[in-house]
Amino acid sequence: LILKVADMKLHLSPSEYHQKLMSEITPKLSYKGGDVKVWQNKLRRKLKELVGDLPKKPCALKAKTLWRKSHPLGTIEKITFVSEPYADVVAYVCLPKAAKPPYTFTICLQGHSTGMHNSIRVQRDDEKKPHDVVGDRDFGIICMSYGLAALCIEQRSFGLRREQKQKHISSHGCHDATMHSLLLGKTLLGERVYDVDRGIDYLATRKDCNMKNIGVMGNSGGGTISLFAAALLPRIAFAMPSSYFNTFKDSLMSIYHCADNYIPGLLKYAEMSDIAGLFAPKPIVMVAGAKDDIFPIAATRRSFKEVQKIYSAAGAKNNCHLVVGKEGHRFYAKESWPVLLKKINVNWKK
């Protein structure tokens, strides 16, 4: 008797094996009730361990202004600072003329795209030329329109910080950096969160920043870092992750995603709702698209209910919000910013 492989019930696809393992996992540090702060301390310690090695002492920032120009909504300057030796950061500082210092700053993070230049609607390689931006990704301009200052950071592996030295580069530049980080006991995700922390260090050197009211927001890959930065960095006061919040089970573990989204071993300890819950009781607005096919909205809604339980236990249910736009994988400024602005103090005139 000769059987063909196609006629046999063999489990040959790796995803079948991983799905089976996932079905048997109960995350060890998921919130199961009780004192929220005690639980947060335990999970945050584990999360810091899982994101990989980070510098024990910060290096000198060596911040410099590259240029400054006027804008109808205020002023924009391009700056650079050192996050780690051989890891320089470029960013735009957007200051609104509709508000007075000390400003409420929002750290803005673009996802997989041509880079931070989208935040101020200019071309990447010629910042004197305008650039059309879709999906409300002009974060810096939108912040200024609401009387907010913005620090628009170029994330590692994107835009001006894309890989340019290797002889052979993958089609997704983040893949190379992710694999290198893992081999070194680090993660690209952790390195990006560290850049946000160093961005806050930079804001602390300015005299125009309200250090008690710094937020973080971003879309897609920027939403990823917004959520993890909020969970790990105590100086962040409000957060708005977009086009990311879901469950690991229904997004990263069931649909292709870039490698920079993954933290080794995380699913053994927590689901994404737990990561968001680490930010309680501070204001958070999760933004999603009803037709986002890589972060399915049904799973987003289920995960949001779990976050609400954590916020309720922390006595802050009204500080946790989900905004759903009608389209797909993009940001929704008009729907989301008014919700968050009600929760933060901004001195501005409409």
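Values below: all heavy atoms of this structure, side chains included; hydrogens, waters and symmetry mates excluded. Residues: numbered from 1 along the sequence shown.
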Quiz item: Which pair of non-hydrogen atoms, one from A333 and one from D136, has the smallest distance, and what is that distance?
Solution: N-OD2, 2.9 Å
Exercise. Grab the two heavy atoms, one from C258 and one from Y262, that are nearest each other, plus how far apart they are.
Key: O-CE1, 3.3 Å
Listed pairs under 3.5 Å, donor-acceptor, residues 86-94 side chains, sequence neighbours left out:
{"from": "Y92", "atom 1": "OH", "to": "E127", "atom 2": "OE2", "distance (Å)": "2.5"}

Quick one: does [X]'s side chain have a donor or acceptor within less than 3.5 Å of a partner on [Y]'s backbone?
| X | Y | answer |
| --- | --- | --- |
| K282 | A237 | no |
| T106 | V216 | no |
| K343 | N318 | yes |
| T247 | A299 | no |
| N319 | P281 | yes |
| S220 | G222 | no |
| W39 | I310 | no |

Rounded distance (nearest 0.5 Å) linking atom [atom1] of [X] with atom [atom2] of [Y]:
| X | Y | atom1 | atom2 | result |
| --- | --- | --- | --- | --- |
| T114 | R162 | OG1 | CZ | 9.5 Å |
| I294 | D250 | CD1 | CG | 13.5 Å |
| T104 | L341 | OG1 | CG | 9.5 Å |
| D176 | S181 | CG | OG | 10.5 Å |
| H131 | H117 | NE2 | NE2 | 4.5 Å |

Could you tell me whether the side chain of [Y] reaches within less than 4.5 Å of the side chain of [X], counting heavy atoms only?
| X | Y | answer |
| --- | --- | --- |
| L232 | R44 | yes |
| N261 | Y244 | yes |
| L188 | R192 | yes |

Does one hydrophobic cluster hold both [X] and [Y], with members joined at side-chain heavy-atom distances below 4.5 Å?
| X | Y | result |
| --- | --- | --- |
| L160 | L66 | yes |
| L340 | I284 | no |
| L151 | L109 | yes |

Between [X] and [Y], is there a side-chain N and carboxylate O pair less than 4.0 Å apart?
| X | Y | answer |
| --- | --- | --- |
| R156 | E84 | yes |
| R198 | D201 | yes |
| R121 | D138 | yes |
| D197 | R235 | yes |
| D195 | R161 | yes |

Quiz prompt | Steps toward side chain to side chain contact (heavy atoms under 4.5 Å, CB included) verdict (D132, V134) | solution = CA-CA 7 Å; D132 292 332; V134 298; 5.9 Å; no
Exercise. Using the six-membered ring of Y103, assess whether NZ or CZ of R206 lies under 6.0 Å from its centre and within 45 degrees of the ring axis.
Key: no
Quiz item: Y146 vs W337 aromatic rings, parallel, tilted or perpendicular, using cut-offs 30° and 60°?
Solution: tilted
Exercise. Applying side chain to side chain donor-acceptor pair (under 3.5 Å) between S243 and each of T300, T224, N219, report the one that passes.
Key: N219
Quiz item: Checking side chain to side chain contact (heavy atoms under 4.5 Å, CB included) for the pair R330/R137: CA distance, chi angles, key distance, verdict?
Solution: CA-CA 8 Å; R330 51 160 292 182; R137 291 184 174 90; 4.2 Å; yes
Self-check item: Test of ring centre spacing under 6.0 Å for F158 and H112
Solution: yes
Practice problem: Report the C-alpha distance between D293 and H329 in whole Å, list the side-chain angles of each, state the deciding distance to 0.1 Å, and finish with yes or no for side chain to side chain donor-acceptor pair (under 3.5 Å). | Solution: CA-CA 8 Å; D293 58 357; H329 192 74; over 6 Å; no
Quiz item: What side-chain hydrogen bond (donor to acceptor under 3.5 Å, both in side chains) pairs are there with at least one residue in residues 268-277, not counting sequence neighbours?
Solution: S30-D274
Quiz item: Would Q110 and S119 count as a side chain to side chain donor-acceptor pair (under 3.5 Å) if you check the C-alpha gap in whole Å, the side-chain angles of each, and the deciding distance to 0.1 Å?
Solution: CA-CA 8 Å; Q110 295 288 339; S119 296; 2.9 Å; yes
Practice problem: Output, in order, the C-alpha distance, side-chain angles, deciding distance and verdict of ring-ring contact (aromatic ring centres under 6.0 Å, His included) for F279 and Y311. | Solution: CA-CA 9 Å; F279 197 55; Y311 266 75; 7.6 Å; no
